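Starting from 1, each residue takes its place in the sequence as its number. Everything numeric in this text was worked out from a predicted model, so none of it was measured.
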Amino acid sequence: MSGSATSPLAGMPTSTAEQLLRERGITGVAMRGLRPVGGAARLAGPARTLRYLPARNDVAAGPNGPVARAAVEALRPGDVLVVDALGSLDAAVFGDMMGARARHLGAAGVVADGAVRDAAAFPALGLPVFARGTHPAPSKVALVDWERDVAVQCGGCLVQPGDHVLADEDGVVIIPEDAVAQLAAAAARAGALEAYSQRLLEAGHPLDAAYPVAPALLDAFEDFRRDGVIPDPTEKR
């Protein structure tokens, strides 16, 4: 692999990202129908986009030639290739050869609203791939690669080049480019609150008090962050 880049959102659960975005009035960011292919996977990074259109027997190629290969060759360390394949399950838009090249270039992963193939190879490549399904046939059977680095839809969400993609076992979330720094700053506190809630539940606090953390228990949150102390559930607050 030629290199790698770590996203400021790496390690953030998609559930946390979706909640933080919703609290800021940003909705429509959770993709539908996509799942990890080739085993559990996580990825985070800026989006590079590729758009397919339905194949037609009198159209051999799009106006810009073989843009699927160009999209892979243009990947930089940390990038996530986001593919709008119209949700088609009739042909694969990504496979192990493109995956090997993407991984060599340092890509963080692939998210495809459509089918992929060679799923068994992805874990060995170390390339996280999320897709709608799998199909053995190549893309040209049903689709034509039309353009890249443009706004696309993927899993029912608008994705613009530069938006960040976050994916884990729970799904795929899009983070607008101008919200990345804000979310990264909020993530540490959100993660600590999640850990605090878990510890409160383990100590015997009821769900209504522990998650979300009740105002009375928030007073002890900083104590927990500093020394790990959990309030006694038998104490009245």
Side-chain angles (χ1 to χ4, degrees), residues 1-10 12 14 17 28-31 34-38 41-53 61-88 92-118 122 125-132 138-139 143-168 171-181 183-184:
M1 188 177 72
S2 64
S4 62
T6 301
S7 166
L9 303 178
M12 181 188 297
T14 54
V29 295
M31 293 187 185
L34 275 62
R35 59 178 178 79
V37 177
R42 295 186 174 210
L43 60 80
R48 300 293 298 275
T49 62
L50 170 61
R51 179 173 176 248
Y52 280 82
L53 289 177
N64 300 305
V67 294
R69 290 180 175 236
V72 171
E73 290 294 340
L75 292 171
R76 298 167 299 200
D79 283 348
V80 176
L81 181 62
V82 177
V83 185
D84 176 1
L86 307 169
S88 173
V93 295
F94 196 83
D96 60 348
M97 296 303 175
M98 295 174 82
R101 181 59 176 162
R103 191 58 180 149
H104 178 80
L105 293 170
V110 178
V111 174
D113 191 351
V116 298
R117 64 180 184 176
D118 308 315
F122 297 143
L125 287 174
L127 185 73
V129 176
F130 287 72
R132 193 168 291 277
S139 60
L143 301 161
V144 57
D145 45 334
W146 200 257
E147 56 188 340
R148 65 183 179 94
D149 293 323
V150 296
V152 299
Q153 81 76 37
C154 191
C157 294
L158 169 64
V159 184
Q160 302 181 86
D163 286 345
H164 273 237
V165 185
L166 187 65
D168 59 19
V172 184
V173 172
I174 297 301
I175 294 92
E177 186 174 13
D178 58 6
V180 170
L183 251 66

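Residues satisfying the side-chain contact (heavy atoms from CB on, under 4.5 Å) criterion with Asp168, sequence neighbours excluded, are Pro13, Thr14, Arg42, Asp170. With sequence neighbours excluded, the residues that form a side-chain contact (heavy atoms from CB on, under 4.5 Å) with Ala85 are Val83, Val93, Leu143. Judged as a side chain to side chain donor-acceptor pair (under 3.5 Å), and not counting sequence neighbours, Arg35 has no contacts. The side-chain contact (heavy atoms from CB on, under 4.5 Å) check on Ala61 picks up nothing, with sequence neighbours excluded. Applying the side chain to side chain donor-acceptor pair (under 3.5 Å) rule to Gln153 yields the partners Asp84, Asp113; only residues at least two apart in sequence or on another chain are considered. Residues passing the side chain to side chain donor-acceptor pair (under 3.5 Å) test with Asp149, sequence neighbours excluded: Arg48. Every residue meeting the salt bridge (Lys or Arg N to Asp or Glu O under 4.0 Å) condition with Arg76, not counting sequence neighbours, appears here in chain and number order: Asp79. Among residues two or more places apart in sequence or in another chain, the salt bridge (Lys or Arg N to Asp or Glu O under 4.0 Å) test is passed with Glu177 by none. Contacts of Pro138 classified as side-chain contact (heavy atoms from CB on, under 4.5 Å), with partners at least two apart in sequence or in another chain: Arg117, Lys140, Val141. With sequence neighbours left out, Arg69 forms a salt bridge (Lys or Arg N to Asp or Glu O under 4.0 Å) with no residue at all.
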Start with the C-alpha distance between Val111 and Cys154, add both sets of side-chain angles, then the distance that settles side-chain contact (heavy atoms from CB on, under 4.5 Å), and finish with yes or no. CA-CA 8 Å; Val111 174; Cys154 191; 3.8 Å; yes

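Closest approach of Ala184 and Leu9 over heavy atoms only: N-CD2, 3.9 Å. Residues Gly78 and Pro46 come closest through the heavy atom pair O-CD, 3.4 Å. Taking both residues in full, the closest heavy atoms of Gly155 and Leu34 are given as CA-CD1, 4.0 Å, listed atom of the first, atom of the second, then distance. The nearest pair of heavy atoms linking Val180 to Pro8 is CG1-CG, 3.7 Å. What you find for Phe130 and Gly171 is that their closest heavy atoms are CE2-O, 4.5 Å. Nearest heavy atoms, Ala151 versus Pro161: N-CD, 4.0 Å.
Although no hydrogens or angles enter the test, the distance criterion places no donor-acceptor pair under 3.5 Å between the side chain of Thr49 and the main chain of Val82. No donor-acceptor pair closer than 3.5 Å links the side chain of Asn64 to the backbone N or O of Glu147.
Separating the CG atom in Leu166 from the CG atom in Leu43 is a distance of 7.5 Å, to the nearest 0.5 Å. The CE atom of Met97 sits 9.5 Å away from the CG atom of Leu125 when rounded to the nearest 0.5 Å.
For the pair Val110 and Phe122, the minimum side-chain heavy-atom distance is 4.5 Å or more. With a 4.5 Å cut-off on side-chain heavy atoms, Met12 and Ser7 do not count as touching. Under the 4.5 Å side-chain criterion, counting only non-hydrogen atoms from C-beta, Arg101 is in contact with His104.
Between Leu81 and the choices Val165, Leu127, Leu50, Val129, the side-chain contact (heavy atoms from CB on, under 4.5 Å) rule is met once, by Leu50.
Residue pairs that meet the salt bridge (charged side-chain N to carboxylate O under 4.0 Å, His left out) test with at least one member in residues 151-160, sequence neighbours left out, do not exist here.
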